[in-house]
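These notes concern the structure reproduced below.
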Amino acid sequence: MIETTIRNHAAQAINVLYSANVAPEHVIIQKTRKDFEGDFTINIFPFLKISREKPDVTAEKIGNYLLEQVPELENFNIIKGFLNIVVGDSFWTGFLSEKYRDKMFGKQEKSSGRPVVIEFSSPNTNKPLHLGHIRNNLIGWSVAEILKANGNVVMKVNLVNDRGIHICKSMLAWEKWFRDTSPDSANTKGDKLVGECYVRFDQELKKEVAVLIEGGMSKDDAEKSAPLMAEAQEMLQKWEDNDTSVRELWSTMNAWVYQGFDLTYDRLGIAFDKVYYESDTYLLGKQIVQEGLKMGVLFQEEDGSIWADMTGDGLDKKILQRADGTSVYMTQDIGTAQLRYDEYQPQKLLYVVGNEQNYHFDVLKLILDKLGRKWAEDIVHVSYGMVELPHGKMKSREGTVVDADELMDDMYQTAESMAVELGKADDLNKDEASQLFEMISLGALKYFILRVDPKKNMLFNPEESIDFNGHTGPFIQYTHARIQSLLKKAGSRELKPGDGIFTGDVHAKEKEIIKLLYSYPEVIKEAASQYSPSAVAAFVYDLAREYNQFYQEISILREEDPAKAVFRLSLSYFTASVINSAMELLGIHVPEKM
RNA sequence: GGUCGCGUAGCUCAAUUGGAUAGAGCAGCAGCCUUCUAAGCUGCCGGUUGUGGGUUCGACUCCCGCCGCGAUCACCA
């Protein structure tokens, strides 16, 4: 890494010139901004206290020292305390010819270290996947792929919330109003059918509640004492008591849901190494709670409920076990965390969960820490922001939920009509065409979501379909297809990328692209440390945009100097390969033509 | 009310984590296809970074106050 070399020598320069003791990591080096000449820039200001000189004087001295010590450097200039360093063309062309064929470029060797376990998706079985889940799934998948590229062993896991009062509501609704209806008979996806049951329950419950309120009952009491609610509670009790018929219905309906989920996951390109079911794990944690009670870390109320008191840490009290001995979410999470730790001895436990649960994870980590689990500090909540609609959050009651399947369908339609309009589908058969539309529409959707910093809330407007032009997935896919077409055409003229080191003049645009390619490994490292696909998304867009400018401005196949043509083909080949690689990290495929 | 987060161009997002003249796309306007894919390229327009102070060589970034928005503070998950 040439930056490291420059950084080290710059630190050395200061130490030698001013007999100081500056560590290399204190040298601020960055890519030179486009409007200035140079490749890397060192900020001189931090060293003025040491040198006690004017910025330009110190910069000059360091610049000269670097030129002497680092043979790859060609020149430097100084502007207002910034030392801009020019790396010689031969360094860049050498890099290109050495790496352009390397399909693994940018990725680290797989380490043999302990794995990273990443949980994401975590759906409920009472409603279909929606846009919020899509963001979760895409972030989870991409972060996992980025970590793999960074050399980590990664386990993708899902924890399905398949039990609880909400499932009983759906089951009850099915028994009452959907008997004899199955996904097959209704010709619908299983998750959609169960979702319908859930909605129906809610509607019927509201009616009952309204009647009770009219009879003079308070809203709270009405909701508690509505007959439907009591029935649901009763069913939950039966479920916990292993009642055969309840369990049977539960299995059947969950199976429907999973069939539906699988279709959605497949289409999204999401898969897991392991799926946990809450029905298997919900009792875990109770034992640890007992342990905590003995340790004196937790305390018990007179009614028998068990609590964690974190008022000393600036947080509140938190219940871990109800008076009747049943466990709550927090207890389950303590249990599953322990389970995962025992199973994998992971170096990190990642949870891709919305930022509405920030507090929950603070509490989880603190309790585990109090319970003496040193690995609590290895728990990372990859917290992502909400997807908002123009009028606020998605609300199922108001019917503003953006359904995952419908969204993908809509995107497909848009991709198709746009392709037809542009005449892109003319020489494709039906299969090829539909594959292409699917690839492009998913590329648009995924890129739209992943280009935003996960931590931030983002806005989705269902009225305006997601763009296919400009800063979008299809733009990047198009660039890849364009290059493939170019390479094909070159092949038919017996031209192809070559290994020889190009020694002619390098055009500014060409150099710009090479520099971007050169930074790819660093981009992956950064994205991995920040758990941020958006860093990769920004990079690959820059690369595509830069390439398109180059493509427009400079002829490749029409170039008369064969050495130049070959050089540009190598550059193109490498660009396509890195575009493909980076897009795969986002879970997006790129076409050969479009 | 307590805690946490957010506020950047008309709109959607960036800004290498304290560095140079705050950048892209969309929308709007004006151009570029008999020549490697026009889902592309070029140019123009667009900003007191919510607001008032502070810290310093230097602030969108850090600190304090205010305004606005959101999340959370469940014996839901």
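Keep in mind that this is a model prediction, so the values were computed, not measured. Naming convention: chains lettered A, B, ... in sequence-line order (proteins, then strands); numbering from 1 in each chain.
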*Measure from the side chain of A/Glu388, starting at C-beta and using heavy atoms only, and say which of B/G19, B/U35, B/G70 lies closest.*
B/G70
*Distance between the P atoms of B/G50 and B/C60, in whole angstroms?*
10 Å
*Non-neighbouring partners of A/Asp453 that pass salt bridge (Lys or Arg N to Asp or Glu O under 4.0 Å), sequence neighbours left out*: A/Lys455
*On a whole-Å scale, what distance lies between the C1' atoms belonging to B/G65 and B/A27?*
38 Å
*How far, in whole Å, is B/G5 from B/U48 if one measures between their P atoms?*
27 Å
*Quick one: does NZ or CZ of A/Arg340 land under 6.0 Å from the six-membered ring centre of A/Tyr276, within 45 degrees of the ring axis?*
yes
*Using the aromatic ring of A/Tyr541 (for Trp, its six-membered ring), decide whether it stacks on the base of B/A24 within the limits of 5.5 Å and 30°.*
no
_In this structure, how many angstroms lie between the P atom of B/U42 and the CZ atom of A/Phe550, rounded?_
14 Å
_When the P atoms of B/C6 and B/C64 are compared, how many Å lie between them, rounded to an integer?_
13 Å
*Classify the nucleic acid contact of A/Ile554 as base, sugar-phosphate or nothing, counting any heavy atom under 4.0 Å across all strands shown.*
base
_Whole-angstrom distance between B/U16 and B/U55, as gauged at atom C1'_ = 24 Å
*Just checking A/Ile440: base, sugar-phosphate only, or nothing, at a heavy-atom cut-off of under 4.0 Å?*
base
*Assign the ring pair A/Tyr520 / A/Phe539 to parallel, tilted or perpendicular, where the plane angle (0 to 90°) is split at 30° and 60°.*
parallel
*What is the ring orientation for A/Tyr282 with A/Trp239, classed by angle as parallel under 30°, tilted 30 to 60°, or perpendicular over 60°?*
tilted
*Considering only the P atoms, how many Å lie between B/A71 and B/C29, rounded to the nearest integer?*
38 Å
*Enter syn or anti for the glycosidic conformation of B/C33, syn applying to angles within 90° of 0.*
syn
*Looking only at side-chain N and O atoms, does A/Arg482 come under 4.0 Å of OP1 or OP2 in B/A38?*
yes
*asked:* For a quick check of understanding: with a heavy-atom distance under 4.0 Å over all strands, which category does A/Asn84 fall into, base, sugar-phosphate or nothing?
replied: base
_Test of understanding: with ring pair (Phe, Tyr, Trp, His ring centres under 6.0 Å), list the residues that count as partners of A/Phe567, not counting sequence neighbours._
A/Phe502
Please tabulate the protein-to-nucleotide N/O contacts below 3.5 Å involving nucleotides 74-77 of chain B, giving atom names and distances.
unit_1: B/C75; atom_1: O3'; unit_2: A/Arg322; atom_2: NE; d: 3.3
unit_1: B/C75; atom_1: N4; unit_2: A/Asp303; atom_2: OD2; d: 3.0
unit_1: B/C76; atom_1: OP2; unit_2: A/Arg322; atom_2: NE; d: 3.0
unit_1: B/C76; atom_1: OP2; unit_2: A/Arg322; atom_2: NH2; d: 2.4
unit_1: B/A77; atom_1: OP2; unit_2: A/Tyr329; atom_2: N; d: 3.1
unit_1: B/A77; atom_1: O3'; unit_2: A/Asn161; atom_2: ND2; d: 3.2
unit_1: B/A77; atom_1: O3'; unit_2: A/Glu278; atom_2: OE1; d: 3.0
unit_1: B/A77; atom_1: O3'; unit_2: A/Glu278; atom_2: OE2; d: 3.4
unit_1: B/A77; atom_1: O2'; unit_2: A/Asn161; atom_2: ND2; d: 2.8

*Provide the distance between the two P atoms, one in B/A9 and one in B/C13, to the nearest whole Å.*
12 Å
*Report the residue (A/Glu526 or A/Gln552) whose heavy-atom-nearest nucleotide on RNA chain B is the more 5′ of the two.*
A/Glu526
*asked:* Mind checking if A/Gln530 touches a base, just sugar-phosphate, or nothing, with heavy atoms under 4.0 Å?
replied: base
_Syn-anti status, with the boundary at 90° from 0, for the nucleotide B/U17_ = syn
*Dot-bracket notation for RNA chain B is requested: 5' to 3', Watson-Crick or G-U wobble pairs only, both distances under 3.5 Å, with ( ), [ ], | and . as defined.*
(((((((..((((.....[...)))).(((((.......))))).....(((((..]....))))))))))))....
_Spacing of A/Tyr412 atom OH relative to B/A39 atom P, expressed in whole Å_ = 19 Å
*asked:* Using whole Å, what does the distance between atom C1' of nucleotide B/U16 and atom NZ of A/Lys34 come to?
replied: 14 Å
*Which residue lies toward the 5' end of RNA chain B, A/Gln484 or A/Thr41, if each is placed at its nearest nucleotide?*
A/Thr41
*Can you measure from OG1 (A/Thr472) to CD1 (A/Ile466) and round to the nearest 0.5 angstrom?*
10.0 Å
_All pairs passing ring pair (Phe, Tyr, Trp, His ring centres under 6.0 Å) where residues 24-54 of chain A contributes a residue, at least two apart_ = none
*Could you check whether the rings of A/Phe437 and A/Tyr412 sit parallel, tilted or perpendicular, using 30° and 60° as the cut-offs?*
perpendicular
Give every pair of a protein N or O atom and an N or O atom of nucleotides 13-15 of chain B that lie under 3.5 Å apart, one pair per line with the distance.
unit_1: B/C13; atom_1: OP1; unit_2: A/Leu459; atom_2: N; d: 2.5
unit_1: B/C13; atom_1: O2'; unit_2: A/Arg451; atom_2: NH1; d: 3.2
unit_1: B/A14; atom_1: OP1; unit_2: A/Asp453; atom_2: N; d: 2.7
unit_1: B/A14; atom_1: OP2; unit_2: A/Lys456; atom_2: NZ; d: 3.4

*Compare side-chain N and O positions of A/Tyr551 against OP1 and OP2 of B/U37 and report whether any pair is under 4.0 Å apart.*
yes
*Kindly say whether, by distance alone, the side chain of A/Asn548 makes a donor-acceptor pair under 3.5 Å with the base of B/A39?*
no
*What does A/Ala481 touch in the nucleic acid at a heavy-atom separation under 4.0 angstrom: a base, only the sugar-phosphate, or nothing?*
base
*Scan A/Pro46 against the nucleic acid and name what it touches under 4.0 Å (heavy atoms): base, sugar-phosphate only, or nothing.*
base
_Give me the distance, rounded to whole Å, that separates B/G10 from B/G70 when you measure between the C1' atoms they each carry._
23 Å
*Touch check for A/Phe36, heavy atoms < 4.0 angstrom, all strands: base, sugar-phosphate only, or nothing?*
base
*Pick base, sugar-phosphate or nothing for A/Lys424, based on heavy-atom distances below 4.0 Å to the nucleic acid.*
base
*After noting the C-alpha distance and the side-chain angles of A/Glu546 and A/Lys515, does the key distance pass the salt bridge (charged side-chain N to carboxylate O under 4.0 Å, His left out) rule?*
CA-CA 11 Å; A/Glu546 212 61 55; A/Lys515 278 157 67 173; over 6 Å; no
